[in-house]
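In what follows, residues are counted from 1 in the order of the sequence shown.
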Amino acid sequence: SETVNHSNNAPKMVQNFDIKSIGADFVELSWDSYDEDVYFEIYRNLKDKHPCLKRNLIGVTKIINLLIPHLIAQQPIFII
């Protein structure tokens with residue numbers, strides 16, 4: 001069966017997802033929320049299309065911006 005995230009019942013995608021600021025070892029992300037009762041799970045992976053698991057979950061938030069510290073220079077990350 002189809003997972004909820006890939007069905008017509010999937011939650012709406014956020015709008016205006018953007019990089020607010022970048023520093024030597026951090027990135028700050030921002031987005032517009034469509035519902036105040038929605039929580040966002042933020043995952044960090046070193047490769048594109050890797051699964052979202054507890055070990056790469058970096059935050060659960062209701063706010064519409066997030067500062068992600070401890071980045072390593074020239075190491076790609078994928079925020080899901």
Side-chain angles (χ1 to χ4, degrees):
S1 85
E2 191 173 36
T3 63
V4 172
N5 288 343
H6 300 286
S7 73
N8 292 334
N9 297 326
K12 293 186 236 174
M13 299 290 286
V14 297
Q15 299 294 312
N16 301 315
F17 185 82
D18 200 10
I19 297 171
K20 190 173 181 178
S21 62
I22 299 174
D25 62 351
F26 75 91
V27 63
E28 185 175 8
L29 307 174
S30 67
W31 56 88
D32 293 339
S33 179
Y34 58 88
D35 186 341
E36 290 183 12
D37 290 329
V38 171
Y39 286 83
F40 301 95
E41 294 179 348
I42 311 296
Y43 296 85
R44 175 170 46 191
N45 289 309
L46 298 179
K47 294 186 178 180
D48 191 16
K49 309 271 185 194
H50 272 211
C52 299
L53 304 170
K54 283 186 179 181
R55 70 175 180 249
N56 57 6
L57 177 66
I58 60 172
V60 178
T61 183
K62 196 172 182 174
I63 60 174
I64 57 170
N65 63 46
L66 181 67
L67 179 69
I68 302 174
H70 312 299
L71 299 181
I72 299 171
Q74 298 184 8
Q75 181 183 50
I77 64 165
F78 297 88
I79 306 298
I80 303 163

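- Side-chain heavy atoms closer than 4.5 Å link hydrophobic residues (I, L, V, M, F, W, Y) into clusters, and following such links, possibly through other members, connects Ile22 to Leu29.
- Looking at Val60 and Ile42, their side chains never come closer than 4.5 Å, going by heavy atoms from C-beta outward.
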#### Entry: side chain to side chain contact (heavy atoms under 4.5 Å, CB included) assessment of Leu57 paired with Tyr43
CA-CA 4 Å; Leu57 177 66; Tyr43 296 85; 3.7 Å; yes
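- When the shell of 6.0 Å around CD1 of Ile19 is examined, it contains 12 or fewer heavy atoms from other residues, nucleotides or ligands.
- No side-chain donor-acceptor contact under 3.5 Å links Asn56 to the backbone of His50.
- Using a 4.5 Å heavy-atom threshold, the side chains of Phe17 and Ser30 count as separate.
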